[in-house]
Amino acid sequence: MSEGARAAEAALGRWQGRALASFGGGTAALALPPFDAWLVLFPSLAMVCALVASAPDARTAGWRAWFAGAGWFGVAMHWIVQPFFVDAATHGWMAPFAIILMAGGLALFWGLAGWIAARFCSAGPARALTFAGLLVLAEAARGRVFTGLPWAQPGHGLIGSEALALAALGGPLALTLLAVGLAACSAALYLRFGPPLSAVPLAAGLATGLIPWVGPVPAPADDAPVLRIVQINAPQALKWQPDMIPVFFERGLGLTQAAPGPLGTPDLVIWPETSLPTILRSSDEARTRISEAAGGAEVLIGGQRYAGIEPRNMLVHLEADGAIAQVYDKHHLVPFGEFMPLRGLADDLGLAGLAQQLSGGYRPGGGPAVMDLGPFGRAFPMICYEAIFPHYIRQVERPDWMVQVTNDAWFGSFSMPYQHLALAQLRAAEQGLPLIRAANTGVSAVIDARGRVIDALPMDVDGVIDARLPTALPATVYARTGDWPAMILAIFVTIGGIALGRLRASH
């Protein structure tokens, strides 16, 4: 390390180092919506990498990485407390435990990466690179284990920048490798040579985020289907009150039959998650009224049904006369929201998921699927949480577009809905496919195949969007290869950092 770096490390006490790491992680999280300050991502992560790389031992490095992760997830996912205040008298006491357990638990992935990096590399520049590679692999694991939670990865901080275009090449892990890799290079140069050279990777990150990589998507054809997205705006505290259910249903009907816009009469109407006011098997009257309001258009609407005796969260395709054409059942459910892990024990203790509306919690559907909508093409359906997972669409034949129905009203209107929207943008950019998003309280949006929002409704309003279905692009590199190239590159970075450390140690 440089003399300046050694002096700075020697001056740090145990808690000063941890506090700085937490500050660095928390500041880096400001790159995510609703702040969208992506410019802070690289220098903040560089500070985290430098603190981990300069730690005197593996224990200290692991703790610093954990505190950085706790700062990152504490700021990024502070919205996790919001559902507990929908019924504050019953669940409000759980909110502090939720944020502490969420931030602290997810930070274990970061802490483990820091500890392993220090076990294999002595303090210095090589450890910064090793930590970067391991952190990318840890984030890949976080997206899979325990049903997976690939929310708020470091690379997601670049969705609001021009670097989003790179997702078409390597997906979310490539963006994370870019963010953490450049930060680690800056930290390594700082530890080896001091401040001046360490600015070079940061400048490269700035350029990556500011310089346009791709042009616009071709405009939709003049005869492309006209879609109407319905945003009902039912606050979660009122949504399931018996006297309010018909109010919100009537609002949805009114929006559906609103006068045609400049594009003419809609061909397909899309309602948000759980908008159907009754169980599907008892919905004859509701479906008739929806078809009358749609005036000859077909409809996609979220609702609930029983498959035998199993409750499902579903999306149903209604023909122009209200008949059920096909049904998609949500297959990746939200733990503790739509179902309780260890269901038998949870039932014995009287515990239930916050978002489950049917007794016993929802059961998962059969897996990813494609809905053949005839003249509207083949759509890949995602219900709420499913849109945060990048790999499911690669398990089906490539569709023509994606559709997400969601109810983000559980999480307020400050940050989570905007982060959820950003992940929908990422899915579109990764695949080169347009994505249509119908959200109960917002943000409903039309997203083109580059991941750019071309039309949207703001939060907490009711209204409609009429838009032609955007044009799809050819399958991207990421659509063909998935996460493996980015993971292999992260492995090479890890091995290269370890080898560099061993080489320096031998001299």
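Just so you know, residue 1 is the first one in the sequence shown, and it goes up from there. The model shown is predicted, which means the values in this text are computed figures rather than measured ones.
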Q | Distance-only side-chain donor-acceptor flag, Q236 / N440, under 3.5 Å | A | no
Q) Is it true that H156 and W151 have ring centroids separated by less than 6.0 Å? A) no
Compile the donor-acceptor pairs under 3.5 Å between side chains in residues 25-34 and protein atoms, sequence neighbours left out, one pair per line.
from	atom 1	to	atom 2	distance (Å)
T27	OG1	F23	O	2.7

Q: Answer yes or no: is there a side-chain heavy-atom contact under 4.5 Å between L373 and R378?
A: no
Q: Let me know which of V316, I290, L276, I301 forms a side chain to side chain contact (heavy atoms under 4.5 Å, CB included) with S283.
A: L276
(Q) Quick one, R142 and Q153 - any side-chain contact, counting heavy atoms below 4.5 Å? (A) yes
Q. Roughly how far, to the nearest 0.5 Å, is CE of M102 from CE of M77?
A. 4.5 Å
(Q) Using side-chain heavy atoms (C-beta onward) and a distance below 4.5 Å, is I491 in contact with L137? (A) yes
Q.
Distance alone, cut at 3.5 Å: any donor-acceptor contact between the side chains of D483 and Y478?
A. yes
(Q) Distance alone, cut at 3.5 Å: any donor-acceptor contact between the side chains of E386 and H332? (A) no
Could you tabulate the donor-acceptor pairs under 3.5 Å formed by side-chain atoms of residues 206-225, not counting sequence neighbours?
from	atom 1	to	atom 2	distance (Å)
T208	OG1	A204	O	2.8
W213	NE1	T208	O	3.1
W213	NE1	I211	O	3.4

Q) At what distance, to the nearest 0.5 angstrom, does CZ of R305 lie from CD of E310? A) 9.5 Å
Q. Where do G412 and P417 come nearest, in terms of heavy atoms and distance?
A. O-CG, 3.2 Å
Q: Check whether any side-chain heavy atom of I229 sits under 4.5 Å from a side-chain heavy atom of V464, and report yes or no.
A: no
Q) Are W410 and W79 near enough that their ring centres are under 6.0 Å apart? A) no
Q. Do S282 side-chain atoms and T278 backbone N/O form a donor-acceptor pair below 3.5 Å?
A. no
Q. Any donor and acceptor pair, going by atom type alone, linking the side chain of Q82 with main-chain N or O of F411 inside 3.5 Å?
A. no
Q: Could you tell me whether I488 atom CD1 has more than 12 heavy atoms of other residues or ligands within 6.0 Å of it?
A: yes
Q | side chain to side chain donor-acceptor pair (under 3.5 Å) assessment of D460 paired with T441 | A | CA-CA 5 Å; D460 301 324; T441 54; 4.6 Å; no
Q) Between D321 and S291, does any side-chain donor sit less than 3.5 Å from a side-chain acceptor? A) no
Q: Look only at the side chain of T288 and the backbone of D284, and say whether a donor-acceptor pair between them is shorter than 3.5 Å.
A: yes
Q: With sequence neighbours excluded, tell me which residues meet ring pair (Phe, Tyr, Trp, His ring centres under 6.0 Å) with H78.
A: F414
Q. Checking R251 side chain against I232 main chain: does a donor-acceptor pair fall under 3.5 Å?
A. yes
Q.
What verdict does the salt bridge (Lys or Arg N to Asp or Glu O under 4.0 Å) test give for R289 and E292, after you've listed the backbone C-alpha separation in whole Å, the side-chain angles of each residue and the deciding distance to 0.1 Å?
A. CA-CA 5 Å; R289 295 198 63 197; E292 291 172 350; 5.4 Å; no
**Q.** Matching residue for L227 among I436, V403, V446 - test: side chain to side chain contact (heavy atoms under 4.5 Å, CB included)
**A.** I436
(Q) Using side-chain heavy atoms (C-beta onward) and a distance below 4.5 Å, is I388 in contact with H420? (A) yes
Q. With a 4.5 Å heavy-atom cut-off, do R228 and I465 have their side chains touching?
A. no
(Q) Test your reading of the model: is there a side-chain donor-acceptor pair from R287 to the backbone of G322, 3.5 Å cut-off? (A) yes
(Q) Parallel, tilted or perpendicular: which one describes the rings of Y392 and F389, with boundaries at 30° and 60°? (A) tilted
(Q) For the CE atom of M382 and the NE2 atom of H331, what is their distance to the nearest 0.5 Å? (A) 10.0 Å
Q.
I'd like to know if the side chain of S275 and the backbone of P272 have a donor-acceptor N/O pair within less than 3.5 Å.
A. yes
Q. Would you find a donor on one side and an acceptor on the other, under 3.5 Å apart, between the side chain of Q241 and the backbone of A237?
A. yes
Q. Do R450 and L473 have side-chain heavy atoms sitting under 4.5 Å apart?
A. yes
Q: List the steps, then state whether side-chain contact (heavy atoms from CB on, under 4.5 Å) holds for Y328 with M314.
A: CA-CA 6 Å; Y328 164 73; M314 60 92 191; over 6 Å; no
Q | Shortest non-hydrogen contact from G74 toward I99 | A | O-CD1, 4.1 Å
Q) Quick one: side chain to side chain contact (heavy atoms under 4.5 Å, CB included) partners of A479, sequence neighbours excluded? A) R398, Q431, A475, T476
Q) Going through the distances and angles, do K330 and E273 end up as a side-chain contact (heavy atoms from CB on, under 4.5 Å)? A) CA-CA 11 Å; K330 185 176 183 179; E273 181 184 15; 4.3 Å; yes
Q) Ignoring hydrogens and geometry, is there a side-chain-to-backbone donor-acceptor pair from E319 to E298 under 3.5 Å? A) no
Q: Keeping the roles fixed (side chain from R437, backbone from I447), state whether a donor-acceptor pair exists under 3.5 Å.
A: no
Q: Please indicate whether E285 has more than 12 foreign heavy atoms, meaning atoms of other residues, nucleotides or ligands, lying under 6.0 Å from its CD.
A: no
Q. So do W271 and F249 actually touch side chain to side chain, heavy atoms under 4.5 Å?
A. yes
Q | Polar side-chain atom of R363 near backbone of G361 as donor-acceptor pair, under 3.5 Å | A | yes
Q. When you check the side-chain N and O atoms of N313 and Q304, is any donor under 3.5 Å from an acceptor?
A. no
Q. Between the side chains of D462 and N233, is a donor N or O closer than 3.5 angstrom to an acceptor N or O?
A. no
N/O donor to acceptor pairs below 3.5 angstrom from side-chain atoms of residues 168-182, sequence neighbours left out:
from	atom 1	to	atom 2	distance (Å)
T176	OG1	G155	N	2.9
T176	OG1	P172	O	3.3

Q. Cut-off 3.5 Å, side chains only: do W240 and T274 have a donor facing an acceptor?
A. no
Show every donor-acceptor pair shorter than 3.5 Å between a side-chain atom in residues 258-268 and any protein atom, with sequence neighbours excluded, or say none if there are none.
from	atom 1	to	atom 2	distance (Å)
D267	OD2	V226	N	2.8

